[in-house]
Amino acid sequence: MATTLPSPPKIGMVSLGCPKNLVDSERILTQLRGDGYQMSPDYAGADIVLVNTCGFLDSAKEESLEAIGEAIAENGRVIVTGCMGKEADAIRARFPQVLAITGAHEYEQVVGAVHDAAPMPPSAFLNLIPDAGLKLTPRHYSYLKISEGCNHRCSFCIIPSLRGDLVSRRPDAILREAEKLVEAGTKELLVISQDTSAYGVDLRHASWPVKTGGPMARGEAREVRAHMTDLSRELGKIAPWVRLHYVYPYPHVDHVIPLMAEGLVLPYLDIPFQHAAPSVLRRMKRPGNDAKVLQRIHNWRTIAPDITIRSTFVVGFPGETEEDFQYLLDWLDEAQLDRVGAFRFEPVEGAAANLLPDHVPEELKEERYARIMEKTAAISAAKLQAKIGRTLDVIIDAVDEEGATGRSQADAPEIDGEVFLRDAGHLTVGDIVPVTIEDADDHDLYGVPVA
């Protein structure tokens with residue numbers, strides 16, 4: 001006699017903001033799938049829609065509110081989570097029909113709210129999930145969050161008030177998750193946090209016994225310290241590519257560069273410098289020894305000549321003079337950073353920078369933004385032109401009849417450039433292949449797989 005299974009509720013998800021939010025969304029969906037819920041790719045098929053919000057900037061808050069409004073209009077049964085959960089009163093004032101509101105990385109609360117709004121019918125056959133959990137990224141790369149929160153108190157940022165102080169995960173738990181991801185097909189681990197360099201500070205860099213069976217680890221048992229350098233080395237034994245994001249230039253970052261030279265970690269650092277002028281960095285409440293940083297960048301390139309350094313900068317910060325901005329442009333000429341993003345300063349409710357004097361007029365912010373982007377595009381174009389004729393390893397992201405699209409070790413997904421390949425229809429997504437570079441523009445490379 002056939003058993004008729006009950007139909008489980010379906011959950012839709014709208015995930016906004018940074019990769020850290022994306023990881024939160026994956027964890028929530030993994031838990032809900034483990035509880036038996038099904039996933040819906042659209043509003044119409046969902047019993048509940050989750051909106052994971054971003055609240056870092058006022059513009060991001062407005063985007064989150066628009067997403068909530070759209071979900072309510074299209075579906076009507078909405079649960080809100082994420083960074084804007086701290087502003088529940090404002091959300092309810094605009095959308096009183098929202099079923100529940102929870103804060104950032106409050107996994108149990110949001111899952112509990114789903115259970116209350118759409119209870120699961122009891123069944124032993126519905127709670128099946130993949131070993132690596134549910135992912136919102138392609139199979140061949142995964143974000144690996146190593147900590148929550150931040151101990152910095154930058155004057156333009158409200159992340160500590162949204163996500164709290166630094167809370168690091170134990171290294172054994174991180175390495176187990178990394179192994180599961182690689183076993184499920186991940187080729188590239190993207191290590192993320194609010195401050196990757198500070199990993200383990202709250203754990204006093206204690207050690208935990210770890211036994212992993214990655215392709216280079218050979219299953220041996222050993223002690224692993226909760227420290228950025230040690231964790232990077234261990235991850236390099238598990239995954240083909242390990243990419244480090246949100247790295248503050250603390251002195252111990254110098255010890256990671258030899259791991260890049262050895263091939264354990266990708267020669268890539270994502271460092272949020274934010275500015276270079278000492279007076280602006282002081283107002284931002286960030287360290288400001290730019291001369292020492294320039295020397296360290298030179299030393300890094302001596303050890304790992306192919307290292308790629310990407311960063312972000314804020315233009316138009318309160319009190320930024322023309323001299324400060326020119327100092328930043330001159331510093332960029334010296335630093336020759338490979339990838340640069342820029343943002344116009346935007347006041348964020350609750351940020352100390354809002355109270356600083358001498359706010360920069362909007363038209364001047366726009367003018368400076370255009371100048372820094374012109375400067376950094378020229379640097380990027382020259383660096384990419386120098387790669388023509390070289391053979392680079394490329395991870396394949398997409399394949400069609402025309403060819404393939406991938407990324408070199410210098411390119412993180414969705415934020416850096418791409419490599420466009422001809423004569424590559426035989427490749428498979430997730431392959432890592434040698435490619436001869438034939439051409440370049442300001443941001444991307446063009447090439448052909450090595451026969």
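Quick note: residue numbers are just sequence positions, from 1.
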Original post:
Below 4.0 angstrom, N of the basic side chain to O of the carboxylate: do Glu322 and Arg371 qualify?
Top reply: yes
Subject >> Beyond-backbone contact of Glu188 with Pro413, side-chain heavy atoms, under 4.5 angstrom >> reply: yes
**OP:** Give a yes or no answer on whether the side chain of Ser311 reaches the backbone of Phe273 with a donor-acceptor pair at less than 3.5 Å.
**Re:** yes
Original post:
Applying ring-ring contact (aromatic ring centres under 6.0 Å, His included), which residue pairs with at least one partner in residues 226-246 are found, sequence neighbours left out?
Top reply: His205-His227, His227-His252, His245-Tyr268
**OP:** Might you work through the side-chain hydrogen bond (donor to acceptor under 3.5 Å, both in side chains) test for Ser193 and Thr196, ending with a clear yes or no?
**Re:** CA-CA 5 Å; Ser193 64; Thr196 295; 2.8 Å; yes
Original post:
Looking at Asp416 and Arg407, does any basic side-chain N land under 4.0 Å from a carboxylate oxygen?
Top reply: no
Subject >> CA sep, side-chain torsions, deciding dist, call: Ile309, Arg301, side chain to side chain contact (heavy atoms under 4.5 Å, CB included) >> reply: CA-CA 10 Å; Ile309 303 174; Arg301 288 176 172 148; 4.3 Å; yes
**OP:** Would you name the heavy atoms of Trp331 and Ala276 that are closest together and state the gap between them?
**Re:** CG-CB, 3.4 Å
Subject >> Distance (rounded to the nearest 0.5 Å) between Ile297 CD1 and Ile307 CD1 >> reply: 9.0 Å
Subject >> Check: Ile437 main-chain N/O paired with Arg390 side-chain donor or acceptor under 3.5 Å >> reply: no
**OP:** Determine yes or no for a side-chain-to-main-chain donor-acceptor pair under 3.5 angstrom, with Asp47 supplying the side chain and Lys10 the backbone.
**Re:** yes
**OP:** Kindly say whether the aromatic ring centers of His115 and Tyr37 come within a distance under 6.0 Å.
**Re:** yes
**OP:** Evaluate the criterion side chain to side chain contact (heavy atoms under 4.5 Å, CB included) for residue pair Val14 and Tyr43; output intermediate values, then yes/no.
**Re:** CA-CA 10 Å; Val14 177; Tyr43 291 120; 3.9 Å; yes
Subject >> Passing option when Val80 is tested against Asn52, Thr53, Leu50 for side chain to side chain contact (heavy atoms under 4.5 Å, CB included) >> reply: Thr53
Original post:
Less than 4.5 Å apart, any side-chain heavy atom of Val110 and any of Leu32?
Top reply: no
**OP:** Report yes if the side chains of Cys154 and Arg286 come closer than 4.5 Å at any heavy-atom pair, otherwise no.
**Re:** yes
Subject >> Heavy atoms from other residues, nucleotides or ligands near CZ of Arg139 exceed 12 (cutoff 6.0 Å) >> reply: no
Subject >> Heavy-atom neighbours of Glu62 CD exceed 12 at 6.0 Å >> reply: yes
Original post:
Arg169 side chain to Lys145 main-chain N or O, any donor-acceptor pair under 3.5 Å?
Top reply: yes
Original post:
Would a distance-only check, ignoring hydrogens and angles, find a side-chain to backbone donor-acceptor pair under 3.5 Å from Asp24 to Asn21?
Top reply: no
Original post:
What distance do Leu16 atom CG and Leu22 atom CG have between them, rounded to the nearest 0.5 Å?
Top reply: 10.5 Å
**OP:** Could you check if a side-chain atom of Ile68 sits within less than 4.5 angstrom of a side-chain atom of Arg94, using non-hydrogen atoms only?
**Re:** no
**OP:** Decide salt bridge (charged side-chain N to carboxylate O under 4.0 Å, His left out) for Arg283 and Asp358; before the verdict, give the C-alpha distance in whole Å, the side-chain angles of both, and the deciding distance to 0.1 Å.
**Re:** CA-CA 12 Å; Arg283 288 194 293 277; Asp358 303 320; over 6 Å; no
Original post:
Considering only heavy atoms from C-beta outward, does the side chain of Glu87 approach that of Ile101 to under 4.5 Å?
Top reply: no
**OP:** Answer yes or no: is there a donor N or O on one side and an acceptor on the other, between the side chain of Lys187 and the main chain of Gly430, under 3.5 Å?
**Re:** yes
Subject >> Atom pair CG/OG of Leu384 and Ser408 - distance to nearest 0.5 Å >> reply: 8.5 Å
**OP:** Assess Arg243 against Tyr141: is NZ or CZ under 6.0 Å from the centre of the six-membered ring, and within 45 degrees of the ring's axis?
**Re:** no
Original post:
Closest approach of Ala304 and Ala261, non-hydrogen atoms and distance?
Top reply: CB-N, 4.4 Å
Subject >> Rounded distance (nearest 0.5 Å) linking atom OG of Ser168 with atom CD1 of Ile174 >> reply: 7.5 Å
Original post:
Between Ala239 and Val182, what is the shortest heavy-atom contact and its length?
Top reply: CB-CG2, 3.8 Å
**OP:** Find out whether Leu175 and Leu235 are in side-chain contact, i.e. whether some heavy atom of one side chain is under 4.5 Å from a heavy atom of the other.
**Re:** yes
Original post:
Would Val49 and Glu74 count as a side chain to side chain contact (heavy atoms under 4.5 Å, CB included) if you check the C-alpha gap in whole Å, the side-chain angles of each, and the deciding distance to 0.1 Å?
Top reply: CA-CA 10 Å; Val49 175; Glu74 296 292 333; over 6 Å; no
Original post:
Looking only at side chains, do Thr302 and Asn299 share a donor and an acceptor under 3.5 Å apart?
Top reply: no
**OP:** Evaluate the criterion salt bridge (charged side-chain N to carboxylate O under 4.0 Å, His left out) for residue pair Lys237 and Glu234; output intermediate values, then yes/no.
**Re:** CA-CA 5 Å; Lys237 298 176 182 178; Glu234 295 299 325; 3.3 Å; yes
**OP:** Scan for salt bridge (charged side-chain N to carboxylate O under 4.0 Å, His left out) pairs involving residues 246-270, sequence neighbours excluded, and state none if there are none.
**Re:** Asp254-Arg296
Original post:
More than 12 heavy atoms of other residues, nucleotides or ligands under 6.0 Å from CD of Glu349: is that the case?
Top reply: no
Subject >> Residues Glu362 and Lys365 bridged, charged N to O under 4.0 Å >> reply: yes
Subject >> Donor-acceptor contact below 3.5 Å, side chain Asp397 vs main chain Thr405 >> reply: no
**OP:** Using a 4.5 Å cut-off on heavy atoms from C-beta on, say whether the side chain of Trp300 contacts that of Met260.
**Re:** no
**OP:** With rounding to the nearest 0.5 Å, note down the distance linking CD1 in Ile79 to CE in Met13.
**Re:** 10.0 Å
Original post:
Is the backbone N or O of Asp442 less than 3.5 Å from a side-chain atom of Ser380, with the two atoms forming a donor-acceptor pair by type?
Top reply: yes
Original post:
Can you list every salt bridge (charged side-chain N to carboxylate O under 4.0 Å, His left out) pair that touches residues 193-204, not counting sequence neighbours?
Top reply: none
Subject >> Within-4.5 Å side-chain heavy-atom neighbours: Ile372 and Leu332 >> reply: yes
Original post:
Can you check side-chain hydrogen bond (donor to acceptor under 3.5 Å, both in side chains) on Thr81 and Thr102, steps first, answer last?
Top reply: CA-CA 5 Å; Thr81 187; Thr102 70; 2.7 Å; yes
Original post:
Looking at Cys83, Cys54, Ser59, which hits side chain to side chain contact (heavy atoms under 4.5 Å, CB included) with Ser64?
Top reply: Cys54
Original post:
Does Lys86 NZ have over 12 foreign heavy atoms under 6.0 Å away?
Top reply: no
**OP:** For Asp165 and Asn151, indicate whether the former's side chain and the latter's backbone hold a donor-acceptor pair under 3.5 Å.
**Re:** no
Original post:
Which heavy atom in Pro318 sits nearest to a heavy atom in Ala353, and how many Å separate them?
Top reply: CG-O, 3.8 Å
**OP:** Return the minimal non-hydrogen interatomic distance between Gln385 and Ala440, and the atom names on each side.
**Re:** NE2-O, 3.2 Å
Original post:
What is the distance from atom CZ of Phe317 to atom CG of Leu281, rounded to the nearest 0.5 Å?
Top reply: 9.5 Å
Original post:
How far apart are the closest heavy atoms of Ile48 and Leu99, and which atoms are they?
Top reply: CD1-CD1, 3.7 Å
Original post:
Does the Glu320 side chain pair with the main chain of Gly316, one donor and one acceptor, at a distance under 3.5 Å?
Top reply: yes
